[in-house]
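No experiment lies behind these values; they were computed from the predicted model shown. Order of listing sets the numbers, starting from 1, for every ligand and every atom in it.
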Amino acid sequence: DELCSKQACSTKKMAEIARDAILYGGKDVAKAQKAAEDLLQKLVANGCDEAKAAPLSRKAAASLNEARSVIVVLCGEGDGAQEPNFDRFWRYLKRSADRVDQLTTAVLDIGDGALGALVSKRFEELGSTPITDVEKVVAALKPTASSTTEIQERLCVLYASQTGNAECIAKDVKVEIEARSPTCSVVVKPLDAWRERVDGTELIGKGATCIIIASTTGNGDAPDNGERFWRYVRKRAQPSDLLEGVRYCVLGLGDTNYDKFCHVGKVLDGRFAEVGADRFYELGCADEAMGLEHAVDPWLNGLWPALCGLGLIGDGSVREKVDLGEPVPVACCCSTDHAGLLLRGFDVDKFLRENPRGLDEAQLPKVREASSAEVTAAEENGRAGAFSAVRPFEAPVVGASVLADANGRRVVHVELDLTASGARYEPGDSVGVRCPNDHESLKAAAAALGVKEVSSSELIHNADLSAAPSRSVLRALAGWCSDTKERDLCLALAARPAGKLLYDACVARPRLKAYELLAALPSCRPPSEAALAGALPRLSARYYSVASSPLTPDGAARKEIVSLCFSVVKYEAGAGTNAAHSLEGADRVYARKGLCTTWLDELVRPVLAGKTITDRVPCFLKPSEAFALPEDPDAPILMVGPGTGVAPFVGFLEHRARKRRATAVSAPPPPPSALPGARPALPGARPALPGARPALPGARPSLPGARPSVQRAPQKPKTTTTTLYFGCRARDVDWLYRERMQAHASAGLDLRLAFSREDPDTKVYVQHLVKEDARKVAQLLSDGVGRVYVCGDGANMARDVHHALAHSLVAAGKAADKGAALAALEVLKKDGRLLHDIWSPIDEYED
Ligand SMILES: Cc1cc2nc3c(=O)[nH]c(=O)nc-3n(C[C@H](O)[C@H](O)[C@H](O)COP(=O)(O)O)c2cc1C
């Protein structure tokens, strides 16, 4: 009646009525009405109390252009022209030229279907979006969370993780929450999946409680799987209520060796609050330099009560109060030869008595199937082409050489052809390499699964079998053990704080790998490859700096052949355990290898022997905006890159030289006597030219074909706008890219070499040379244009070089004291004139 009647009823009012309405009509109007009302009940039950059911009318038709969504329920025959409950609506609709592009429509015909066909066709002509599925209409009509006071609780753990630490912690958090509240279901996703919907709302949407675990990578950058959200949330234009109704807390992971410690975590924590989200628990910042667990464990210990306070989980108090008490005597129980995880001396019964809930079955996670959807594609970048960590390019290997191979240190140079990928790289960029799990780990996985060989790509390429088993992995393995002792051991290792000592001895110190543990648990049988892959952390990409220029030698064209160099990682783990913990056998040393560098080294061995290989390297380009060369190939730059830290500078030097050639602004040729590798006149004197060996009595003879030594060069090349500080052990041992460096030095590069093991009395490092050159360094730092680049080990070298730079400023009178010098360096960093590409030594173990 309301709809059909009354001139008195305004169009606006009609629009309100028609909005979210079910309109019914047709010859058998009673039947249509009944169907409409049933539907209405369904809508109301779905929280859609704005919806109305009303008969079709002309005015209803006239106000469709203001409606959002309409369901038309029809029951008639033929074309319905004479049916009063349809006719006027239809006549208006037929003649109307008003577009209804905003409208979602569903037409339900419970008669012979003819009227429905007419109306549907007309709706479409006018631009509406048809929905044939009523459930979808119901969902479309359902009010958004903002218009209702009943907000559904959701708990999401979102991680931004480059090398897997944050991801592991996120998965552990889920397992822990579900153990405390078995009815609670937690979604764990990469941060970039924030738009995914659960129950119709986004993961970071109204009503969600979000635990964000975010590491920082690059130079204060977000990891690939959090980068899109990172950009989205920081946009200035975002409204101040963007995240209203979201409860959150943030755990940042970082490393104090880097400048912007936990930058991503800190910024996200502040930004969420700025855009209306409600912080329910304080920010945590974990430092990898100190050991992440020192901050992560206390932060997690505070998280449970905070979630409990929100009524989201149970208190789990019993488990948290247990303590290991006296150290449990335990034979160090892992072995790389897979002899078995021996429990000699580990008294499981005693452990159980002391930790009544330490091995709680409820801790066992539900088996989760692997889902590639969890890995969101990194945003495709123009320069990176269409390839990413998720979809790597299979690059042919077109060259390789060994740069050093002595004293247990092997450094390899590899050339990959990226042409077909469409990527366009620049010096300063990095290449991410996605290596698969190694044969040994896949063999162990196949044995545990009871199959001849592993076939699932998810397990071969995406799950990290070599990662240290985290608590969630331990719990998954426990759940798959039929032997109770093995199961209890896994749970004991996962129990916190009770099992920490055990974990340190058996997992952390020896750097036990997940597959080794799997191999040592004969009764552990994962139900499927997907289940095993799903329990493991993601096998992340390893990044290597580009060590080449995309320009052809004459600088005239581009060729996307990219060079990388890497040191084949080998190290020992396990030593140094505190004997006071009475852990037998804990002093055993384990030989460990880096996964990716070992794989790459093996892959390119035939190339080194002059053969062509068909194997490809799955990789993708990671462009760097900041760590880039200035446009002008003659702009002054100073580079500090010892060891493989020199890689980007090899690319820089090649690029500058080629660019100069192309623009015909090359440096004047060097004087003929300025030969790189020349000897200085006096013992201990600074070599006149790079690479010179001091003329000490008994010095090693020159290599065959080496140029004769010369005394101090009479004149330096004029162009010394480019300076490189390179360091290694000894010139004949690990001077990487020696010939290239010498060639560049001949063309004007000021090459400064620090050899740490040539003089038994004095170890010379790059920072010493930076200090020696205080005046020149200070001049470049304060000239307003020059740039300084530092690449390599962030723990020691980068810090010492930083102090050496500060020292230079003071020594040259450019800063009053060290404090002022450090402040000046901070300004230079902000201005993009002091740039770092550094890694922590721990990476050496992990790649
Ligand atoms: C290449 C690289 C760059 C990094 N840059 C930073 C940084 O700028 N600030 C910081 O606090 N930590 C930095 N870190 C340390 C990481 O945040 C830390 O290792 C963290 O545990 C990694 O967590 P993820 O495995 O979840 O990515 C960097 C680590 C690497 C390997």
Side-chain angles (χ1 to χ4, degrees), residues 157-173 188-192 211-227 230 250-269 283-296 299 375 378 389 428-433 464 466-468 470 508 536-546 566 569 594-597 622 624-627 644-645 647-648 790-795 798-799 802 829 834-847:
V157 188
L158 296 155
Y159 57 83
S161 183
Q162 195 68 24
T163 57
N165 292 336
E167 182 183 352
C168 268
I169 296 170
K171 288 179 176 169
D172 280 355
V173 167
V188 184
K189 293 275 177 181
L191 192 52
D192 274 353
I211 300 163
I212 313 285
I213 304 184
S215 72
T216 299
T217 190
N219 192 14
D221 305 325
D224 291 345
N225 56 12
E227 208 194 341
W230 173 243
V250 178
L251 171 64
L253 305 189
D255 185 328
T256 42
N257 290 308
Y258 291 87
D259 278 344
K260 298 182 175 173
F261 174 59
C262 282
H263 182 66
V264 173
K266 288 176 185 170
V267 170
L268 286 179
D269 183 63
L283 168 73
C285 288
D287 181 3
E288 178 121 29
M290 304 296 295
L292 290 174
E293 69 281 4
H294 290 298
V296 173
W299 187 83
V375 186
D429 291 347
S430 326
V431 171
V433 175
D464 195 346
S466 291
S470 66
L536 293 166
R538 184 166 45 97
L539 179 50
S540 44
R542 271 63 168 173
Y543 292 91
Y544 304 96
S545 302
V546 161
F566 59 88
V569 173
L595 180 69
C596 192
T597 55
K622 189 163 197 279
S624 156
E625 298 311 325
F627 203 83
T644 50
V790 183
C791 180
D793 156 27
R799 188 180 303 153
H802 201 69
K829 273 195 225 158
L834 173 55
L835 297 137
H836 292 97
D837 182 0
I838 57 177
W839 53 79
S840 50
I842 196 116
D843 296 350
E844 294 273 313
Y845 304 136
E846 284 169 355
D847 64 354

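The shortest N/O to N/O separation between Leu292 and ligand 1 does not fall below 3.5 Å. Backbone and side-chain nitrogen or oxygen atoms of Ile838 are examined, and none is located within less than 3.5 angstrom of a nitrogen or oxygen of ligand 1. In terms of polar-atom proximity, defined here as any N/O pair under 3.5 Å, Gly164 does make such a contact with ligand 1. Any N or O atom pair closer than 3.5 Å counts here, and Ser161 shares at least one such pair with ligand 1. Not one N or O of Asn219 is nearer than 3.5 Å to an N or O of ligand 1, by distance alone.
Residue nearest to atom 10 (C) of ligand 1, selected from Asp221, Asp255, Thr217: Asp255 (by heavy-atom distance). Closest heavy-atom approach to atom 9 (N) of ligand 1 within the set His836, Arg542, Lys260: this belongs to Lys260.
Assignment of Pro223 to the shell around ligand 1 is not supported, since no heavy atom sits closer than 4.0 Å. Heavy atoms of His263 stay at 4.0 angstrom or farther from ligand 1.
Each of Leu158, Asn165, Ile169 was checked for a side chain to side chain contact (heavy atoms under 4.5 Å, CB included) with Ile213, and the lone residue meeting it is Ile169. Just one residue in the list Ile212, Val188, Asp172 forms a side chain to side chain contact (heavy atoms under 4.5 Å, CB included) with Val157, and that residue is Val188.
Atoms of ligand 1 found under 4.0 Å from any heavy atom of Gln162 (numbered from 1 in listed order, with element): 24 (P), 26 (O), 27 (O).
Two residues are said to be in side-chain contact when any heavy atoms from C-beta on lie closer than 4.5 Å; Thr216 and Asp221 fail this criterion. A 4.5 Å side-chain heavy-atom check between Lys622 and Asp429 finds every atom pair outside the cut-off. Between Lys189 and Tyr159, every side-chain heavy-atom pair lies at or beyond the 4.5 Å cut-off.
Under the rule for a salt bridge (charged side-chain N to carboxylate O under 4.0 Å, His left out), Asp464 has no partner lying at least two apart in sequence or in another chain. With sequence neighbours excluded, the residues forming a side chain to side chain contact (heavy atoms under 4.5 Å, CB included) with Ala286 are Leu253, Leu292, Ala295, Val296, listed by chain and number.
Looking at Tyr258, its side chain does come within 3.5 Å of a backbone N or O of Ile838 through a donor-acceptor pair.
Residue Glu288 touches ligand 1 through its side chain alone, judged by heavy-atom distances below 4.0 Å. The side chain of Tyr258, and not its backbone, has at least one atom closer than 4.0 Å to an atom of ligand 1 (non-hydrogen atoms only; side chain from C-beta on).
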